[in-house]
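Please read all numbers here as calculations on a predicted model, not as lab measurements. The basis for the numbers below is simple: all heavy atoms, side chains too, and nothing from hydrogens, waters or symmetry mates. Naming: A, B, ... by sequence-line order, numbering from 1 per chain.
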Amino acid sequence: MKLEDVLQKHFNYSSFRIGQKEIISSILDGKHTIAMLPTGTGKSLCYQLPGYLLKGKIVIVSPLLSLMQDQVEQMMMNGEKRVIALNSFLSHEEKYQALHQLSKYKFIFLSPEMLRSDQVMNKLKEIGIDLFVIDEAHCISQWGYDFRPDYNKLGEIRERLGSPLTLALTATATPEVKDDIITSLKIGEWEEFIYSVDRPNISLIVESIRTYKEKTERLVELITSLEGPGIIYFSSKKLSEQMVSLFKERGFSKVAAYHGGLEQETRILIQQQFIQGQLDVICATSAFGMGINKDNIRYVIHFHMPLQLESYLQEIGRAGRDGKQSLALLLYSPGDEQLPNQLVEGELPSDAQLDWLYKWLMEHREALNNLSLFESEIKRVSGFTDNQWRMVEAFLQCNNGAHIEKTIDQLKKFINERMLIKLNKIQEMYRWTQLTECRRKKILNYFNEEKTIEMKNCCDCCGVDYSEFYSFITKEPSIKIESSFHWKNHLAEILLSERKNEE
DNA sequence: CGAGGCGGCACTACTGCCGCCTCGGTGCTGTAGT
């Protein structure tokens, strides 16, 4: 049977989209495959279709519960009943049932953390896996080192599962990220399919704004005049909510905040409302975006810069999937790069904390065999945050048996390296905001690509024909600003008082 | 860097202001306790 026939039969499409056929053929030839496809080009088909041609099971490692649930739902809607998400949404009883009858499922979605369980691992070994898929595989590089250490154990997991055929899928494709994926998964030989990350219909603009206050004012101006829907990214949960309140005060009501501090239910609701068009603007942190399938997002604004260009590209890539002219706008004020620096510094443990840990471990050698027992005491005295401790704990477990002094030294070295890499990435992001030459060229070079096509409205450095560019911006604010009178007075007051201060 | 909370002080009786300090983003899981 030809691949096209399988496509028609199971998915009701008559032809493949870019890259899909090559990737699927590579897998069916039994080659480990790394596929870097731009967002929204149908990555999930790359493992779903082989599922109908391979005899055994397909295991898909996914980073987010909501993403898994979405995929499962979609596949069920498509008529595929042999699909399950093995995660904490299942009750104890349901999980027991699912594991007990795991062999009746064809597609099994789970998180990397779920693979820590011996029960799950034993069952997977027993039923046999034909294809091991890592969806959003850049998470290995982005989260595996510190935030979610289980991502960096996938290589070991893979080996314990008998090194099954493996497919890594992502949209973020620096050579560095690719290397991390290959090394971490312990794949010897592989085929790779890498497609351009360029999105010619998204104009890249950085606006330099003198002060923080003016940035807020500019944002209000933008949101009331730009054609939505749009996403605004912040690096603070509180600020994202405050901005929503401000927008609502100004009479702009189809807006909501989205961040990791909200209830799971609320998050799903807001996501749905945005996708269905009941909300026009989302004020979000980096928590928002993975798995958002909405093709008419007209703009992505960054109030704060992300911690790295990879994240920036992912976030702006959510605009203009319908191919229409869209806008990526970053608002920069002097000193903005300090916030990412602060975030990164708080992320990793300090040398002083590790020195304390060394002394403590020398006095409590037996603790190494059961660290979780001492977790609360260690955290209380050392001040490790949950995330810091998880990283340290994972490192100690990996090196259990080695000399304590040596282990701590290695850990310090590891942390210093990570810190340097992260600070470097912030610098790269910062330098990009300060460019005077083509922003697109620079970003493509960063992803090991050349800029090959010239386009209208490329970026602010190339020169944007604003009159044409702003043609999709409505001349009059599309929303009636109810309190505009007060707003203007208020603004005048602020400006006057500032001027007085300056004098 | 900027926001927000807190203590101290002023100088007037209840708040107002200054300076200092801290904090800021991403998610999974199992289990204890309400």
Side-chain angles (χ1 to χ4, degrees), chain A residues 61-69 85-92 95-96 109-120 136 138-154 172 209-216 233-243 245-246 257-264 267-268 283-291 302-308 310-312 314-315 331-348 372-373 375-376 383 385-388 390-391 393-394 422 425-426 429-430 433 501:
Chain A
V61 179
S62 172
L64 303 180
L65 297 177
S66 60
L67 210 59
M68 285 182 225
Q69 300 297 113
L86 215 51
N87 58 35
S88 57
F89 282 167
L90 301 179
S91 66
H92 192 72
K95 190 181 164 193
Y96 176 83
F109 288 83
L110 37 69
S111 65
E113 287 81 5
M114 194 51 97
L115 289 163
R116 260 192 310 217
S117 149
D118 286 338
Q119 210 185 358
V120 171
E136 308 287 356
H138 61 277
C139 293
I140 293 176
S141 177
Q142 225 161 56
W143 286 347
Y145 290 102
D146 34 49
F147 184 51
R148 289 175 71 178
D150 288 283
Y151 257 106
N152 250 0
K153 292 184 191 149
L154 287 178
T172 308
I209 294 176
R210 275 193 318 150
T211 65
Y212 185 80
K213 223 173 232 169
E214 284 175 29
K215 202 151 94 170
T216 310
Y233 279 105
F234 300 86
S235 292
S236 147
K237 296 186 251 192
K238 205 189 269 174
L239 194 60
S240 71
E241 295 203 354
Q242 285 171 344
M243 216 53 86
S245 307
L246 182 66
Y258 184 103
H259 54 72
L262 301 173
E263 296 284 325
Q264 185 78 247
R267 290 174 65 164
I268 292 172
C283 292
T285 62
S286 56
F288 186 75
M290 236 193 265
H302 280 83
F303 189 87
H304 292 130
M305 65 166 87
L307 277 68
Q308 48 182 61
E310 286 94 324
S311 310
Y312 184 66
Q314 280 238 335
E315 287 165 3
L331 303 176
Y332 174 82
S333 301
D336 274 1
E337 61 282 6
Q338 289 310 316
L339 176 54
N341 281 332
Q342 294 302 321
L343 284 175
V344 159
E345 270 165 34
E347 189 171 34
L348 298 166
S372 54
L373 212 63
E375 184 178 331
S376 57
T385 63
D386 290 349
N387 289 344
Q388 287 172 341
R390 197 165 23 259
M391 191 207 103
E393 189 183 17
K422 280 166 190 265
K425 281 179 179 292
I426 294 171
M429 183 71 231
Y430 167 69
T433 66
N501 289 341

Checklist entry - Is it the case that A/H302 and A/E315 place a side-chain donor and acceptor less than 3.5 Å from each other? => result yes
Checklist entry - Across the strands shown, which category fits A/H259 at heavy-atom distances under 4.0 angstrom: base, sugar-phosphate, nothing? => result sugar-phosphate
Checklist entry - Counting side-chain heavy atoms from CB outward, which of B/dG24, B/dA3, B/dT26 is closest to A/Q242? => result B/dA3
Item to check | From A/R390, A/R148, A/K153, residue fulfilling salt bridge (Lys or Arg N to Asp or Glu O under 4.0 Å) relative to A/E113 | outcome: A/R148
Checklist entry - Counting heavy atoms not belonging to A/E345, are there more than 12 under 6.0 Å from its CD? => result yes
Checklist entry - Atom CG of A/D150 to atom C1' of B/dG30: distance rounded to whole Å? => result 13 Å
Next on the checklist: The side chain of A/N387 is closest to which nucleotide in this list: B/dG27, B/dC28, B/dC1?
Outcome noted: B/dG27
Checklist entry - Do A/E310 and A/T172 have side-chain N/O donor and acceptor atoms under 3.5 Å apart? => result no
Next on the checklist: Contact between A/M429 and A/S311 at the side-chain level, heavy atoms closer than 4.5 Å - yes or no?
Outcome noted: no
Item to check | Sugar-phosphate only, base, or nothing, as touched by A/R390 at under 4.0 Å among non-hydrogen atoms | outcome: base
Checklist entry - Got a second to check how far A/F303's CZ is from A/T216's OG1, nearest 0.5 Å? => result 4.0 Å
Checklist entry - So what does A/P63 hit on the nucleic acid, given a heavy-atom distance under 4.0 Å: a base, only sugar-phosphate, or nothing? => result sugar-phosphate
Checklist entry - Which one, B/dG30, B/dG27, B/dG2, comes nearest to the side chain of A/M114? => result B/dG30
Next on the checklist: Nearest to the side chain of A/L64, heavy atoms from C-beta on, is which of B/dG27, B/dG24, B/dT29?
Outcome noted: B/dG27
Checklist entry - Distance between the P atoms of B/dC11 and B/dC18, in whole angstroms? => result 13 Å
Checklist entry - What is the nucleic acid contact for A/E347, judged by heavy atoms within less than 4.0 Å: base, sugar-phosphate only, or nothing? => result base
Item to check | Base B/dG30 paired with A/R116 side chain (donor-acceptor, <3.5 Å) | outcome: no
Next on the checklist: I'd like to know if A/Q338 reaches the base of B/dG2 with its side chain, counting only an N/O donor and acceptor under 3.5 Å.
Outcome noted: no
Next on the checklist: The side chain of A/L339 is closest to which nucleotide in this list: B/dG25, B/dG24, B/dG27?
Outcome noted: B/dG24
Next on the checklist: Regarding A/L65, tell me which of base, sugar-phosphate or nothing describes its non-hydrogen contacts under 4.0 Å with the strands shown.
Outcome noted: sugar-phosphate
Checklist outcome for this item: Regarding the side chain of A/E113, the nearest nucleotide among B/dT26, B/dG30, B/dC28 is B/dC28
Checklist outcome for this item: Dot-bracket for DNA chain B, 5' to 3', Watson-Crick and G-U pairs with both distances under 3.5 Å, [ ] for crossing pairs, | for partner on another strand, reads ((((((((((....))))))))))..........
Checklist entry - Can A/F147 be classed as stacking with the base of B/dT26, given a centroid separation cut-off of 5.5 Å and a plane angle cut-off of 30°? => result yes
Checklist entry - With a non-hydrogen cut-off below 4.0 angstrom, is A/K95 in contact with a base, only sugar-phosphate, or nothing? => result sugar-phosphate
Checklist entry - Counting side-chain heavy atoms from CB outward, which of B/dT26, B/dG4, B/dC28 is closest to A/K238? => result B/dG4
Checklist entry - On a whole-Å scale, what distance lies between the C1' atoms belonging to B/dT12 and B/dC17? => result 14 Å
